[in-house]
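Worksheet: one structure, shown below.
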Amino acid sequence: MAAPKRGRSASAQSKPGRALALILIAIVALTGGMFLSGHTTPRLGIDLAGGTSITLEAKADQGSAINKANMDTAVEIMNRRVNGLGVSEAEVQTQGDRNIIVNIPKGTNSKEARDQVGTTAKLYFRPVLAQDATGVAAATPSPSASGSSKASPSPSASKSGTGEKATSSSSPSASATSQGRAVTDALKADSTPSASASASGSPSPSASASGGTGTADQAKLQAQYTALDCSKQAQRNKAGEGAKPTDTTVGCGEFNGVWYKYLLGPAAVAGTEVKKADAVFDTQTAAGWQVTMTFNSKGASKFADITGKLAQNTQPLNEFGIVLDGQVVSSPTVSSSITGGNAQISGSFTQEEAQSLANMLSYGALPLSFKEQSVTTVTAALGGEQLHAGLLAGAIGLALVVIYLVAYYRGLSVVAMASLLVSAILTYVIMALLGPAIGFALNLPAVCGAIVAIGITADSFIVYFERIRDEIREGRSLRPAVERAWPRARRTILVSDFVSFLAAAVLFIVTVGKVQGFAFTLGLTTVLDVVVVFFFTKPLMTLLARRKFFASGSKWSGLDPKSLGAKPPLRRTRRPAAPAHTKEA
């Protein structure tokens with residue numbers, strides 16, 4: 001039995017249709033996903049489609065100074081909130097010494113972005129001293145960008161295998177009150193006020209709170225809590241306004257259409273001590289979307305201490321309110337000390353609310369407060385002209401490439417143009433899908449990156465075609481020439497594309513703004529070039545090598561041995577044996 005020849009891949013020669021079928025299936029699947037998502041065109045950047053421009057004015061917040069350092073920090077945090085991957089085309093920049101301009105492209109949820117950029121996202125964990133239902137909400141408010149959502153007045157805290165968490169297991173009825181509970185000795189030691197009233201009466205907080213040092217302050221706090229009606233938006237917006245972390249304050253939270261008012265003690269843990277936050281969907285307990293939190297070492301110690309104290313009390317004094325920007329988003333009950341530094345916030349979150357809250361906690365609080373000064377709409381009149389000019393330049397460049405391919409490669413130009421078409425389809429579909437997926441927006445630099453990619457893709461085909469021609473010049477027929485040329489062409493293509501991708505990656509990492517759009521598009525098209533060459537161009541060339549038009553070396557195929565100057569292959573001859581010379585005596 002003859003041994004198989006080395007250097008040839010039988011599967012590559014005999015089954016090129018498998019690779020073609022694979023890439024065609026991928027194109028059909030991606031195109032179907034594009035139509036199912038409803039986003040059939042790439043999302044355009046603000047320079048091409050217009051959008052919204054927001055002007056924010058900085059205000060000193062609790063002693064924070066309006067200086068360059070704080071403004072730069074605010075710009076960085078805002079940019080991460082609305083443009084996490086750097087490709088959504090949202091622009092955040094300072095104007096003067098106290099204003100920040102935020103440009104949001106059309107197609108982005110401008111309302112959510114407006115809420116996110118200006119929200120301080122200050123989170124505190126405060127012990128609950130009293131709570132009471134204040135009325136049925138007329139309509140559930142839209143979740144704010146800070147993640148404020150429906151509060152869970154009395155979920156329970158339990159331990160899990162991976163760490164402790166607070167899960168929603170029960171909630172009070174609309175008519176239930178939690179007033180009339182005495183503050184325990186543990187909370188008295190922390191100088192928190194007590195709530196003492198009948199189950200149906202009004203509360204009377206009467207302890208020496210850190211936020212109130214005298215009878216007048218206690219009376220003011222009691223009057224504020226008694227008069228608070230959280231079913232009214234105007235009162236909800238002012239609840240807890242101006243309260244410091246060391247103050248006893250009031251707050252509002254909504255659960256199942258019922259608004260609750262809270263009397264809250266001084267903050268035990270700050271949101272800045274949350275190391276990481278993620279939105280997860282709980283499939284085991286059917287609790288829905290939750291926000292998981294991991295505290296740093298300092299926060300974990302404080303959290304374990306406060307939950308240990310609250311676990312000794314009766315409801316509602318065994319609850320802690322999770323207060324985000326003055327609104328109670330959840331108030332879990334505690335049955336035991338929660339250690340380990342892991343916890344979960346649950347409160348009937350939707351996916352958007354949970355993700356928004358997790359983003360806010362992950363990206364941190366703004367060092368300054370901001371007031372929305374103006375909101376204007378940016379037209380795309382100039383951008384439309386620029387897009388038209390960019391597309392015209394791309395069309396001219398593509399036409400020149402096609403003319404060159406037809407004139408020089410003739411029949412092989414069909415393979416090149418088919419490969420360019422497949423690459424264009426993949427690029428378009430993936431860009432359309434990346435819009436809703438990661439917020440990718442196509443701007444003018446990104447269009448330039450796509451135009452440059454035409455040359456990179458055509459270069460890969462030319463390298464392969466020239467390798468095939470070299471094999472034919474050496475006297476080989478087309479079928480073995482196609483297979484022998486591939487390993488050498490493959491190495492050259494991979495090295496060339498790797499260099500282009502590395503340049504795009506470095507450019508994406510070290511730059512900001514619109515240049516990132518250019519780098520992202522260049523990197524994406526470079527990766528797609530490798531996919532197209534390996535799964536489309538090479539298999540298609542293998543199939544065409546079996547066709548008579550190409551295999552016979554037709555004059556119009558671009559592979560005519562005579563026009564290429566092919567020489568007959570050199571036959572290997574056995575070297576004559578060298579004459580033996582006897583040694584001289």
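- Taking both residues in full, the closest heavy atoms of Val291 and Ala277 are given as CG1-CB, 4.2 Å, listed atom of the first, atom of the second, then distance.
- Pro42 places a side-chain heavy atom less than 4.5 Å from the side chain of Tyr428.
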(request) Would you check, one step at a time, whether the test side-chain contact (heavy atoms from CB on, under 4.5 Å) holds for Phe518 with Leu507? (result) CA-CA 9 Å; Phe518 172 83; Leu507 196 62; 3.7 Å; yes
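- Remark: Gln222 CD to Lys220 NZ distance equals 14.0 Å, nearest 0.5 Å.
- The CG atom of Leu434 lies 5.0 Å from the CZ atom of Phe520; values are rounded to the nearest 0.5 Å.
- In this structure, the side chains of Val102 and Ser53 stay at 4.5 Å or more apart for every pair of heavy atoms.
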(request) Begin with the C-alpha distance, continue with both residues' side-chain angles, and end with the deciding distance and a verdict on side-chain contact (heavy atoms from CB on, under 4.5 Å) for Asn99 and Gln373. (result) CA-CA 9 Å; Asn99 291 334; Gln373 199 174 50; 4.0 Å; yes
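- Annotation: side chain of Leu442 is not in contact with side chain of Arg43 (no heavy-atom distance under 4.5 Å).
- Phe320 and Phe303 have perpendicular rings, their planes meeting at more than 60° on a 0 to 90° scale where under 30° would count as parallel.
- Taking 4.5 Å as the limit, some side-chain heavy atom of Leu310 sits within range of a side-chain heavy atom of Pro127.
- In plain terms, the two heavy atoms of Gln235 and Asp229 that are nearest each other are OE1-N, 2.7 Å.
- Remark: the Asp247 side chain and the Thr249 side chain contain no N/O donor-acceptor pair separated by less than 3.5 Å.
- When every heavy atom of Asn313 is checked against every heavy atom of Lys309, the shortest pair comes out as ND2-O, 3.5 Å.
- Gln131 has its side chain out of reach of Leu263: every pair of non-hydrogen atoms, C-beta onward, lies at least 4.5 Å apart.
- A cation-pi contact, defined as under 6.0 Å to the ring centre and within 45° of the axis, links Lys261 to Tyr225.
- Put simply, the side chain of Arg236 reaches to within 4.5 Å of the side chain of Trp259, judged on heavy atoms.
- Rounding to the nearest 0.5 Å places CG of Leu433 at 7.5 Å from CD1 of Ile430.
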(message) One pair to check against side-chain contact (heavy atoms from CB on, under 4.5 Å): Val75 and Ile100. What are the steps and the verdict?
(response) CA-CA 7 Å; Val75 168; Ile100 289 180; 3.7 Å; yes
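- Between Pro245 and Tyr124, the closest heavy-atom pair is CG-OH, 3.4 Å.
- Looking at Gln516, its side chain does come within 3.5 Å of a backbone N or O of Phe508 through a donor-acceptor pair.
- Looking only at atom types and distance, the side chain of Thr427 has no donor-acceptor partner in the side chain of Thr525 under 3.5 Å away.
- The structure places OG1 of Thr292 at 8.0 Å from CG of Asn342, a figure rounded to the nearest 0.5 Å.
- Here the side chains of Val506 and Ile509 are not in contact, with every heavy-atom distance at 4.5 Å or above.
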(message) Quick one, Phe295 with Lys302, criterion side-chain contact (heavy atoms from CB on, under 4.5 Å). Give me CA distance, side-chain angles, the key distance, then yes/no.
(response) CA-CA 10 Å; Phe295 294 92; Lys302 291 182 179 180; over 6 Å; no
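- In terms of heavy-atom proximity, Ala133 sits nearest to Val258 at CB-CG1, 4.1 Å.
- Using a 4.5 Å cut-off on side-chain heavy atoms (C-beta onward), Cys252 and Val328 make no contact.
- Arg126 approaches Pro266 most closely through the heavy-atom pair NH1-CA, 3.6 Å.
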